[in-house]
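Let me begin by presenting the structure, written as structure tokens, before commenting on it.
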There are 2 protein chains.
Amino acid sequence: MGDKYNKFSKYFVAVDCVIFGYEDGDLKLLLYHRGFEPAKGMWSLMGGFVGEEESSDTAARRILKNITGLDDIYLEQVQAFTDPKRDMEGRVVSLAYFALIRIDRHKSDSVRENGAHWWSLKSLPNLVFDHKEMVEKALEKLQNKAGLELVGSELLPDKFTLLQLRLLYEAIFQRDLDPGNFRKKILSLNVLQRLCEKNTTESRRGAHYFKFIDGATERSFERIVKI
Amino acid sequence: MGDKYNKFSKYFVAVDCVIFGYEDGDLKLLLYHRGFEPAKGMWSLMGGFVGEEESSDTAARRILKNITGLDDIYLEQVQAFTDPKRDMEGRVVSLAYFALIRIDRHKSDSVRENGAHWWSLKSLPNLVFDHKEMVEKALEKLQNKAGLELVGSELLPDKFTLLQLRLLYEAIFQRDLDPGNFRKKILSLNVLQRLCEKNTTESRRGAHYFKFIDGATERSFERIVKI
DNA sequence: CCAAAAGTGTTTATAATACACCCATGG
DNA sequence: CCATGGGTGTATTATAAACACTTTTGG
């Protein structure tokens, strides 16, 4: 490489992952207890520095793999955070990502070893630096995505009831949705297949399980939740 | 500052601006002829490196001010481009921004001095590096914004006809819009004020000029163009 | 029996779309 | 007088939202 840019400054470049999971009717975030300075002992997003041979996407995947053991995680860039004073230990430009994780699949022991913990979105602890702002922007992005296509395959188990799917959407949009209208809307997308099996633990009558039809284009081009 | 991060690598951090303008019924991009290596002589977005005391937002504003002489430019971050090989001259992480410029206001002599030129979005030249991808992502963001709130005050002159506004929207969404329906939709937002003056140069009958009502919340919370 | 979710159907309100039609006027 | 955009009105269709009602079953 040449030296054309040598008069300009270089900075650390990090990624921070806003990791969404869904469990017990609650949208959750995977946070960890920082084991190093600065801000040692405080709660923070999962992050790390971008290596010389990798893009930020690759770095984010590497970090998620380390923590959760998962390879095929849905990942989307949120935005860059670049305030010169955002990290008191040095000039760090951080690229926020959001990830969707199926909690039932990830390696929970690896998560625990890393001092990580799932926190309900409704009661987050104080976060270091500008991580709270990252969470807010990531939630906006998630709402945007979920409003245009059916998420769920990235967050729910293989089979799930429409109640579970609706509760997920209510958690994402943080408001109630009409059960009847939601059911009709979702089924009209033709991306779910009803299974014969029923879930009898969450209602007396029992609700059919559904699964995503393989290969059904999830991007339905119809608005699922009006924004 | 400490030395906690010293084992990690540092990279150049740049911003590249996708500068939209509107003129003669055409959505245009301000590009410039690179005067330095690498890729000297090719067309490129306006860009520059982020300084030690500034955020990337500030850097983008500084660059836009240098080129156009304008201070109050609408600016939004698009996304980070981080491929390790995206710039052959060194590891440069670039943050793409999109800007909306009123061509009638900017300092055209300063633009010319910088070797810059307005190109119609319909016939762009080949761009260096990943700048074409930046333009595509920026247009997506612009469509998203324009679909949810009335842009125009950032791109059109102080007074304009509804024909001009519709042509702007058709340029942004790259499809035709029904004149009657567009008019009703726009006027129902109650953010435009009809002036007594008429424009008689673009139609025989003459069309009323409109202007944006000061302080009218532009974010109308109604969808202007369905996506 | 009753509460609670499952599942279906109906009604109303609102928004998107298509398009007809008259107006004004420069060439 | 006529082509062109200005401007208004209306019919049709699609979608969102509200909500009534019936079914099922464990406690």
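Side-chain atoms are counted along with the backbone in the values below, which use heavy atoms only and exclude waters and symmetry mates. Convention: sequence-line order gives letters A, B, ...; per-chain numbering from 1.
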[N] [atom2] sits how many Å from [X] [atom1], rounded?
| X | N | atom1 | atom2 | result |
| --- | --- | --- | --- | --- |
| N199(B) | dG5(D) | CG | C1' | 11 Å |
| I186(B) | dG7(D) | CD1 | P | 14 Å |
| Y209(B) | dG6(D) | OH | P | 12 Å |
| R204(A) | dC2(C) | CZ | C1' | 9 Å |
| K185(B) | dT14(C) | NZ | C1' | 10 Å |
| R194(A) | dT8(C) | CZ | C1' | 12 Å |
| F182(A) | dA5(C) | CZ | C1' | 15 Å |
| H208(A) | dA5(C) | NE2 | P | 18 Å |

Task: Pair R166(A) + E170(A): basic N to acidic O under 4.0 Å - done: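 Yes, this pair counts.
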Task: Carboxylate-amine/guanidinium contact E76(A) K145(A), below 4.0 Å - done: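 Salt bridge absent between E76(A) and K145(A).
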Compare the minimum distances between each of [options] and the side chain of [X], then state the nucleotide with the smallest one.
| X | options | result |
| --- | --- | --- |
| D178(A) | dA18(C), dC19(D), dA3(D) | dC19(D) |
| K184(A) | dG7(C), dA3(D), dA18(D) | dA18(D) |
| R205(B) | dG27(C), dA18(C), dG5(D) | dG5(D) |
| N181(B) | dG27(D), dA18(C), dT8(D) | dA18(C) |
| R183(A) | dA6(C), dA3(D), dG27(D) | dA6(C) |

Open item on the list: Let's see if you get this right: which residues in residues 157-170 of chain A place a heavy atom under 4.0 Å from DNA chain C?
Closed with: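 Result for residues 157-170 of chain A: L163(A), sorted by number.
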Task: F98(A) six-ring face occupied by K141(A) cation (under 6.0 Å, within 45°) - done: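 No, a cation-pi geometry is absent between K141(A) and F98(A).
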TODO: Kindly say whether the aromatic ring centers of F160(A) and F212(A) come within a distance under 6.0 Å.
DONE: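 Yes, close enough.
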Open item on the list: Exactly one of F129(A), W118(A), W119(A), Y32(A) should register a ring-ring contact (aromatic ring centres under 6.0 Å, His included) with W43(A). Which one does?
Closed with: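 Checked F129(A), W118(A), W119(A), Y32(A) against W43(A); only one passes ring-ring contact (aromatic ring centres under 6.0 Å, His included): W119(A).
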Open item on the list: Here's a test of your reading of the structure: between L187(B) and G180(A), which maps to the more 5' nucleotide of DNA chain D?
Closed with: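 Closest to the 5' end, via its nearest nucleotide, is L187(B).
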Open item on the list: Suppose we screen for side-chain contact (heavy atoms from CB on, under 4.5 Å). Which residues come up paired with E23(B), at least two apart in sequence or across chains?
Closed with: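 Result, side-chain contact (heavy atoms from CB on, under 4.5 Å) vs E23(B): K28(B), I103(B).
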TODO: Would you indicate whether K137(A), at its atom NZ, is surrounded by more than 12 heavy atoms from other residues, nucleotides or ligands within a distance under 6.0 Å?
DONE: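 Count not over threshold, so no.
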